[in-house]
Amino acid sequence: MSQTIRITVDGEPREVTEGTTGFDLFDGRREIVAQRVDGELRDLSRTVGDGEAIESVEITSQDGLNILRHSATHVLAQAVQEVRPDARLGIGPFITDGFYYDFGVDEPFTPEDLKEIKKRMQRIVKQGQRFVRRSVSEDEARREEATQPFKLELIGLKGHAGDDEESVEVGGSGLTMYDNVDPKTGDTVWSDLCRGPHLPSTRLIGNGFDLLRTAAAYWRGDEHNPQLQRIYGTAWPTKDELKAYQHRLAEAAKRDHRRLGVELDLFSFPDEIGSGLPVFHPKGGIIRREMENYSRRRHEEAGYDFVYTPHITKAHLYEVSGHLEWYKDGMFPPLHVDEELDAEGNVKRQGQDYYLKPMNCPMHNLIYASRARSYRDLPLRLFEFGTVYRYEKSGVIHGLTRARGFTQDDAHIYTTREQMKDELTSVLNFVLDLLKDYGLDDFYLELSTKDPKKYVGTDEVWEEATNTLREVAEASGLELVPDPEGAAFYGPKISVQARDAIGRTWQMSTLQLDFNLPERFGLEYTAADGTQQRPVMIHRALFGSIERFFGVLLEHYAGAFPLWLAPEQVVGIPVADEYAPYLEDVAARMRAVGLRASVDASDDRMPKKIRTHSKQKVPVMLIAGEEDRSAGAVSFRFRDGSQCNGVPVDDAVAWLRALADARVQVSSVSDAVGAPGVEAPARAVAAARAAEVSHPAE
RNA sequence: GCCACCUUAGCUCAGUCGGUAGAGCACUUCACUCGUAAUGAAGGGGUCGCGAGUUCGAUUCUCGCAGGUGGCUCCA
């Protein structure tokens, strides 16, 4: 006799007969692809038990999307094994926006393979195979996966490592297999070791999936392990959502700093110089110089002392610092100089190894140590735009964000242990404040703590440093994310992560505490009581690398820099040749107050000129014809096409100067009129008001 | 460093089943003098990434190298 059990479904109490499944509960609701039972995701085919709280999982929810993608990756693996029966299965999880599956194959996949695999996936999807869950014992699993070495390894891990290595294959309790069953014949056509849950049917994958690319990946993420071939894909509930995703990717690609660098003529990486070594063109140079100048000014105001150090040094310095011991692989190989040989080739005079510097700190330490220091000198803040060279592996070089030569806005602060906390607090505030001026304002902090395999110094010192950083970070009120084992060998760090305009996060500034280098360099100061004490060192880069920060800002602004950073701030567009001299005059007045202004006196027609400079993301175009000339005025055109016409030249000059000084974005007349602390000409205010009427939503 | 793919004019990209190449934009010149995202015409520009091999002949096929792209590993 079937018994009645009590459950809740999406918060509503219900009574159902024993043996009821998720399918029964959500009958007819195709958008529900799984059930969450007391917080645990399960297939709809599972029966519910007395007292359980069941929630529906819609395909459009995050859990639903994950299940969709996880099922899609099974379909991928099935298709791959049709094309390559020898393919050994690795792991196949869902990831943000998609999925991948790793395969051990003798020959890597070709683009043709990918096409064929996709075709077969479509066939499997259409067929509407059911995913059927089956619990197995470890022995059964081993028997079924006898020809699958990677799966056997996972089963073994499950046995030994417990739940530490929880994964989509063998997480949670017990082992399960998922059979893909042909709905017509009831035959199992494919099986995979998997914890699930899955969609009820492959049909739900529909036509919202695509295969994106292939890549090699080390088995279990370890470069000592064999490489598997990974296929990446994406899957969405509908074709429209897939298209929207592809559109998002295309939009992100448009802001790629490497592309914008070419389009806007900002920088390049000449092959002749070498991989990862950029040159800045004049326009990129202007942006960079503005970035640096403002930073310099702020550092001066904040009590930093400016120093300069060479790019190259004898090996001994990096032996003292420990870099040669810890990071030799990341350094360019040495230049061996001054060696003399006799006629027989024997060494007459020992040579010297010189290294390009990968970090500035040892040199700053030498400046500290150049004379006796008193507690009255501290905190001593040494600042440098220090160019460093790191031998990044060839495969990791990526535009300006990962280069082999770059310039750090590097400071080393030497403090007493007592001052340390106050100093860290003010440094963190200084950093956040300055980043905001460059237009980034969405931050969180990461606290990187000791890597037990890679550190120097005593546990007590690490603990004190870590606790101090944590207290300072917590006091900032920002979100703090732990990064266990992420610290450098010499000390823990706080890093500032910034979210850009399209939501990506970038590691920007780092504050690192270092109890180690002062020790190695024997740094001391005389305390008030006459004793010799050891200072604490704070490493701090704000941009991290200027090149990288440049790249991040370029992508953040999609090339449309705020007025103060824009390489061309103002371009005059005469309605006809006749008005060019008038605009030259206006531009000269702009230049006289330090604005970057020019006139486009080319043969192009006016709309063509507007197009040209729009594509170059020039913030302000000043247009003048007879109307403006006779009124002693100019007409503004902003990036978004908004205008304000007939602004008297005096007002225009003063207004633009003020907007540049305010370091605001100026892409529309409303931006310009709304800039805090800047008084806009009456004409502009009226134009902005008119614009608001036509776009009330703004 | 590993795997795959890519490299043709300044840029974006066609093309040659092996017989030394073409478009659009950009550039130069000429005409047009124009009020808010492309006026028209003419012209210049390429040892087809570099080096070897196969071939009567290689930009095309093979190998090596360099650079790039996407991943993996790494990122003091």
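Every heavy atom of this structure was used, including side-chain atoms; hydrogens, water molecules and symmetry mates were not.
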Separation between the P atoms of B:rC61 and B:rG67, rounded to whole Å: 23 Å
What nucleic acid atoms does A:T110 come within less than 4.0 Å of, heavy atoms only: base, sugar-phosphate, or nothing? nothing
Which nucleotide, in any strand shown, forms a Watson-Crick or G-U wobble pair with B:rC63, with both distances under 3.5 Å? B:rG51
Could you tell me the separation between the CD atom of A:Q229 and the P atom of B:rC2, rounded to a whole number of Å? 14 Å
Using a 4.0 Å cut-off on protein heavy atoms (strictly under), produce a 5'-to-3' string for nucleotides 71-76 of chain B with B for base contact, S for backbone-only sugar-phosphate contact, and - for none. BBBBBB
d(NZ, A:K617; C1', B:rA37) in whole Å: 13 Å
Taking the side chain as C-beta and beyond, is there a heavy-atom pair between A:V571 and A:T612 under 4.5 Å? no
Mind checking who B:rA42 pairs with, Watson-Crick or G-U wobble, both distances under 3.5 Å? B:rU28
Which part of the nucleic acid, if any, lies within contact of A:E578, taking any heavy atom under 4.0 Å across all strands shown: a base, the sugar-phosphate backbone alone, or nothing? nothing
At under 4.0 Å, does any side-chain N or O of A:R637 touch on OP1 or OP2 of B:rA37? yes
For atom CZ of A:R259 and atom P of B:rG70, their distance in whole Å: 12 Å
Let's go through A:D102 and A:Q229 carefully: what are the C-alpha distance in whole Å and the side-chain angles of both, what is the deciding distance for side-chain hydrogen bond (donor to acceptor under 3.5 Å, both in side chains) to 0.1 Å, and is it a yes or a no? CA-CA 6 Å; A:D102 288 343; A:Q229 293 298 317; over 6 Å; no
Between A:E392 and A:R402 (salt bridge meaning N to carboxylate O under 4.0 Å), is one present in this structure? yes
Using whole Å, what does the distance between atom P of nucleotide B:rA38 and atom CG of A:D603 come to? 18 Å
Which base, if any, makes a Watson-Crick or G-U wobble pair with B:rC56, both distances under 3.5 Å? B:rG19
Passes salt bridge (charged side-chain N to carboxylate O under 4.0 Å, His left out), A:R504 versus A:E555? Steps please. CA-CA 10 Å; A:R504 294 169 304 180; A:E555 299 203 5; 2.9 Å; yes
Within a strict 4.5 Å, meaning less than it, do heavy atoms of the A:R220 and A:F150 side chains meet? no
Measure from NZ on A:K609 to C1' on B:rC34 and round the result to the nearest Å. 10 Å
Has A:R404 got its NZ or CZ under 6.0 Å from the middle of the six-membered ring of A:Y391, at an angle within 45 degrees of the ring axis? yes
Atom of A:L523, atom of A:Y414 and distance for their closest heavy-atom approach: CD1-CE2, 3.6 Å
A:E627 CD - B:rC34 C1' separation (whole Å): 14 Å
Taking only the side-chain heavy atoms of A:P108 (C-beta and beyond), determine which of B:rU36, B:rU39, B:rA4 contains the nearest atom. B:rA4
Sub-3.5 Å pairs of nitrogen or oxygen atoms, protein against nucleotides 67-69 of chain B:
from	atom 1	to	atom 2	distance (Å)
B:rG67	O2'	A:D271	OD1	2.9
B:rG68	OP1	A:S275	OG	3.0
B:rG68	OP2	A:S275	OG	3.0
B:rU69	OP1	A:R258	NH1	2.8

So if I take every side-chain heavy atom of A:D577 and compare against B:rA26, B:rA37, B:rU33, which nucleotide ends up nearest? B:rU33
Does some side-chain heavy atom of A:L542 sit less than 4.5 Å from a side-chain heavy atom of A:T510? no
Select base, sugar-phosphate, or nothing to describe what A:D604 touches, counting heavy atoms under 4.0 Å on all strands. nothing
Reckon A:D628 touches a base, only the sugar-phosphate, or nothing at all at heavy-atom distances under 4.0 Å? base
Step through the shown structure and confirm whether more than 12 heavy atoms of other residues, nucleotides or ligands are within 6.0 Å of CZ on A:R88. yes
Side-chain heavy-atom pair A:F636, A:V669 within 4.5 angstrom cut-off: no
When the distance from CE of A:M606 to C1' of B:rG35 is rounded to whole Å, what number comes out? 4 Å
Closer than 3.5 angstrom, by distance alone: can the side chain of A:T73 be matched with the main-chain N or O of A:P93 as a donor-acceptor pair? no
For B:rC2, which nucleotide in any strand shown is its Watson-Crick or wobble partner with both distances under 3.5 Å? B:rG71
Can you check the A:K608 NZ to B:rU36 C1' distance for me, whole Å? 15 Å
Of the listed nucleotides B:rC3, B:rU36, B:rU33, the one nearest the side chain of A:A576: B:rU33
